[in-house]
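Below is one structure, written out as C-alpha cells; comments come after it.
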Amino acid sequence: MSTCLGIELGSTRIKAVAIDDGFKPVSSGDYTWASRYENGVWTYPLEEIWTGLKAALSKVEGRESIAAAGVSAMMHGYLAFDKDWNLLTPFRTWQNTITGQAAAELTALFGFNIPQRWSIAHLYQAVLNKEDHIPHVAHITTLAGYIHYMLTGVNAVGVGEASGMFPIDSTALDYDAGMMAKFNALPKVADLPWELEDLLPKVLVAGQEAGALTEDGSRMLDGLLPVGIPFAPAEGDAGTGMTATNAVAPRTGNVSAGTSIFSMVVLERPLEKVYEEIDLVTTPTGAPVAMVHCNNCTNDTNAWVKVLGAAAKLFGAEPSTGELYTKLYEKSLEGDPDCGGVLVCNYLAGEGVTHMDAGRPLAARTPESKFTLANFFRAQLYSTMSTLKIGMDILAAERVAIDSLTGHGGLFKTPVVGQSYMAAACNAPVTCMETAGEGGPYGMALLASFLLNRTGGETLEDFLSKRVFAGTAGSTVQPDLACVAGFNTYIQRYKALLEVEKTAVEKL
C-alpha cells in the first residue's frame, strides 16, 4: 500500500500524517514545541525544527511506502538568508506586532491591506529600521518554504503560502507585478543592492511538481524518509485547512475555532474596498480568499468552565471535563436568542479586527437583563464568534455569497450547538465533517495525493469534491431565523460593550 505524507509545523505542534489510497489517515506522529520571546521578538530556534520533524516522523509507520509528501507550516513571518543560505537574523513569527509603520505605509502604497504579520511588512520594517542585515539579504522565505528548500533544493512555495508573503495576482498566479514595481521604487528600497523579485521564492500551484527529497535532505532527517520522494508545493496552514475541509471552490468557506478563530471565504470577485479587518490571500490554486482572523475564541469560555466545575465539586459532583462542556453547551440552547441582555467580551489578548491592543475579559448586564445560566453561557459562546461576525458582516455588506461553511476545531465538538450559533452569526449553513479534526497535516497529505493521483486536467476542486469527500459523513445546520435576529441584536450591544472594553484596558 502506498501512502502520501503531510507535514505541518503549527504554533504548538509539529505533526506528520500519512493517508492511504482511499484518503484515510493511517498513521501519524507529533512533537510539541512553543515559541520563545527573545530580545523583543517571538521566535523558534532553527535547530528545534529538525529535532521536532525527526521526532514526529519517527512515529509514522510504513515510511518506506510513502509515494509523495508535502510541507506546511504557520504562515507569514520572516526568515532572511544571505546568498549561501546562512540565517541573517532570528526567525520572526506571525505572532510579532513590530511592523506597524511598514504595514500602514505599504497598505497605503498598494491600495491593498498588508497585515503586520506578512513577510513583506517584516522586510520593509527592517529596511525602515536600517537593520544591518538588509544589504546582505539574498533570500526571504517562510517556515514551510525554508524546510521545503532544505529537503528538495527547490526555492519555491505554493501560491497560498506566497499570498501571505506578498500580494498575488490571481490571473497571473504570481506576485502582483505592479505592486512589486511600486515597492522597488520606494526611496529607502531603490538604492539597496537587490530587487524584491530576486528575494522571494518562486510561486507554484497545487498539482505542480516542486522537487523531490534529495540525499542532503534525507540526511537532514536522519534517513527517516527515502531519497526521491516527490514533493507538492509547500503550503501555509490556511491553504491546508481549506483543503482539509473541502472549502476551495468559490462561494465556500471554513471556520477554524479553538484558541483563536478565523474564517476563509473563497471569492467570486474582488472586494470593492480595502479593509484593515480583511486579509486577502488565496487557495492552493490561486483563487482569491477573504480571511477574517481573530486572536480570541475559547480561552475565556474554558476559564468559566473550570470555575463552574469547581462550584459543582462543592456539592460532591465530579463531572468530567467532557461532561461539563457538553452540559453547559446544551444548557445554552435554552437561553434567549439575544442572550436576554447578558453580554460577554472574551478578550484576553488584543484584536486587530476591533483595533484593540490588549484584552480584559468582561461580563456585563443591565438590571433588567435575564441573568440565567443558559443566557450567561449562550453569551459566552456568542462572544467566541462575535468579533468574527463583525468581519463577516463586512463581507455580507460587500455582497459576498456563501453557499456553505465548514466548521472545525474545539468550538464544534459538542454536536449542533456551536454550529447553530455560527450559522446564525454568518447567516449561512455550517457543516462539520468527521475528517475535519485531522486539520492541516491531513490537508497537506491531500495536496501530496493530488500531485500524485490527479488525472488529466482534473482540478483540485473536483479532486476533493468527487474523490476525497464524496460520501463523507457530516452534519449541516441551517441558520434559524429567530437565532439570526437574536444574534444581530446581541452584536449591536456587543459593539457598545467594546467601548467599555477600551476603558477597561486603559484603567485596569
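All of these numbers come straight from a predicted model, not from anything done at the bench. Excluded from the calculations below are hydrogen atoms, water molecules and symmetry mates; all remaining heavy atoms, backbone and side chain alike, are included.
- Counting heavy atoms from C-beta outward, L123 and L199 have side chains that approach closer than 4.5 Å.
- A salt bridge links E268 and R251; the closest N-O separation between the charged side-chain nitrogens and carboxylate oxygens is under 4.0 Å.
- Across L447 and A232, no two heavy atoms sit closer than the pair O-CB, 3.9 Å.
- Between I140 and F81 the shortest side-chain heavy-atom distance does not fall below 4.5 Å.
- The existence of a salt bridge linking E8 and R13 is excluded, since no basic side-chain nitrogen approaches an acidic carboxylate oxygen closer than 4.0 Å.
- Nearest approach of L451 to Q208, heavy atoms of both residues: CD1-O, 3.6 Å.
- Here the CD-CG distance, from Q101 to L106, works out to 10.0 Å after rounding to the nearest 0.5 Å.
- Between the T243 side chain and the G239 main chain, a donor and an acceptor come within less than 3.5 Å of each other.
- Electrostatic pairing of E398 and K273 does not count as a salt bridge here, judged by no charged N lying under 4.0 Å from a carboxylate O.
- Note that CG of L280 and CG of L271 are 5.5 Å apart. Values are rounded to the nearest 0.5 Å.
- For the residue pair D21 / S2, a side-chain donor-acceptor distance below 3.5 Å is found, with atom types taken as modelled.
- L143 places none of its side-chain heavy atoms less than 4.5 Å from the side chain of Y44.
- Between the T283 side chain and the V248 main chain, no donor and acceptor come within less than 3.5 Å of each other.
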Stepwise side chain to side chain contact (heavy atoms under 4.5 Å, CB included) test for T152 and L213: CA-CA 5 Å; T152 67; L213 185 63; 5.6 Å; no

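- Counting heavy atoms from C-beta outward, L46 and L79 have side chains that approach closer than 4.5 Å.
- Of all heavy-atom pairs spanning V157 and P233, the tightest one is C-CB, 4.5 Å.
- Using a 30° and 60° split on the angle between ring planes, W94 and H293 fall in the perpendicular class, above 60°.
- Of all the heavy atoms in E461 and T285, the pair that sits closest is OE2-OG1, 4.1 Å.
- For an aromatic pair to be called close, the ring centres must be under 6.0 Å apart, and F166 with F110 satisfies this.
- Side-chain atoms of R399 do not come within 3.5 Å of backbone N or O of A396 as any donor-acceptor pair.
- Expressed to the nearest 0.5 Å, how far OG1 of T214 lies from CE of M220 amounts to 9.5 Å.
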Solution key, residues 385-394 side-chain donor-acceptor pairs under 3.5 Å, sequence neighbours excluded:
from: S386; atom 1: OG; to: Y382; atom 2: O; distance (Å): 2.8
from: T387; atom 1: OG1; to: Y347; atom 2: OH; distance (Å): 2.7
from: T387; atom 1: OG1; to: Y494; atom 2: OH; distance (Å): 3.3
from: K389; atom 1: NZ; to: D393; atom 2: OD1; distance (Å): 3.3
from: K389; atom 1: NZ; to: A425; atom 2: O; distance (Å): 3.0
from: K389; atom 1: NZ; to: N488; atom 2: OD1; distance (Å): 3.0

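- Between the CD1 atom in I229 and the SG atom in C4 there is a gap of 10.0 Å [rounded to 0.5 Å].
- In this structure the side chain of L267 never reaches within 4.5 angstrom of the side chain of P250, judged on heavy atoms.
- Interatomic distance, CG of L151 versus CZ of R219, reported as 12.5 Å (0.5 Å rounding).
- Put simply, the side chain of N155 never gets that close to the backbone of K202: no donor and acceptor are under 3.5 Å apart.
- In the model, T99 has no side-chain atom that pairs as donor or acceptor with a side-chain atom of Q125 under 3.5 Å.
- Evaluated for a side chain to side chain contact (heavy atoms under 4.5 Å, CB included) with L5, the options I19, V17, I66, V71 yield exactly one hit, I66.
- Between the side chains of Q116 and N96, not a single donor N or O lies within less than 3.5 Å of an accepting N or O.
- If you check the side chains of T107 and E276, you find no donor sitting under 3.5 Å from an acceptor.
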Steps toward side chain to side chain contact (heavy atoms under 4.5 Å, CB included) verdict (D176, F112): CA-CA 11 Å; D176 188 289; F112 185 101; over 6 Å; no

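- Just one of P201, P167, S163 meets the side chain to side chain contact (heavy atoms under 4.5 Å, CB included) condition when paired with Y175; it is P201.
- The closest side-chain donor-acceptor pair between T142 and E161 falls under 3.5 angstrom.
- In terms of modelled atom types and a separation under 3.5 Å, the side chain of E501 and the main chain of R360 share a donor-acceptor contact.
- For the side chain to side chain contact (heavy atoms under 4.5 Å, CB included) with P361, the qualifying choice from N296, N346, L348 is L348, the only one to do so.
- Looking at S72, its side chain does come within 3.5 Å of a backbone N or O of E235 through a donor-acceptor pair.
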Worked verdict on T384 versus D300 for side chain to side chain contact (heavy atoms under 4.5 Å, CB included): CA-CA 8 Å; T384 64; D300 190 43; over 6 Å; no

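- Residue pairs meeting the side chain to side chain donor-acceptor pair (under 3.5 Å) criterion with at least one partner in residues 177-194, sequence neighbours excluded, are N184-E197.
- For Y146 and W85, the ring centers are positioned 6.0 Å apart or more.
- Looking at D462, its side chain never comes within 3.5 Å of a backbone N or O of E458 through a donor-acceptor pair.
- V127 places a side-chain heavy atom less than 4.5 Å from the side chain of L192.
- With 3.5 Å as the limit, one finds no donor-acceptor pair spanning the side chains of T89 and E131.
- The main-chain N or O of E47 is found under 3.5 Å from a side-chain atom of T51 such that the two form a donor-acceptor pair.
- Counting only distance, with no hydrogens or angles, the side chain of R63 and the backbone of L224 share a donor-acceptor pair below 3.5 Å.
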Working for side chain to side chain donor-acceptor pair (under 3.5 Å), residues E48 and Y31: CA-CA 10 Å; E48 193 175 9; Y31 171 86; 2.9 Å; yes

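- Using modelled atom types, one finds no donor on one side chain facing an acceptor on the other under 3.5 Å when comparing Q95 with Y37.
- If you take NZ on K54 and CG on D222, they are separated by 4.0 Å, rounding to the nearest 0.5 Å.
- Under a 4.0 Å N-O distance rule, the pair R117/D279 qualifies as a salt bridge.
- Tested against S263 for a side chain to side chain contact (heavy atoms under 4.5 Å, CB included), the candidates V292, I402, L395 yield a single pass: V292.
- Residues H133 and A126 approach most closely at CE1-CB, 4.0 Å, considering heavy atoms.
- The minimum heavy-atom distance linking M75 with A238 is given by the pair SD-CB, 3.4 Å.
- Under the rule for a side-chain contact (heavy atoms from CB on, under 4.5 Å), the partners of V468 that lie at least two apart in sequence or sit in another chain are F23, Y442, L446, F463, L464.
- At distances below 3.5 Å, not a single donor-acceptor pair connects side-chain atoms of D82 with backbone N or O atoms of V137.
- M180 has its side chain out of reach of E195: every pair of non-hydrogen atoms, C-beta onward, lies at least 4.5 Å apart.
- The closest side-chain heavy-atom distance from I7 to M444 is not below 4.5 Å.
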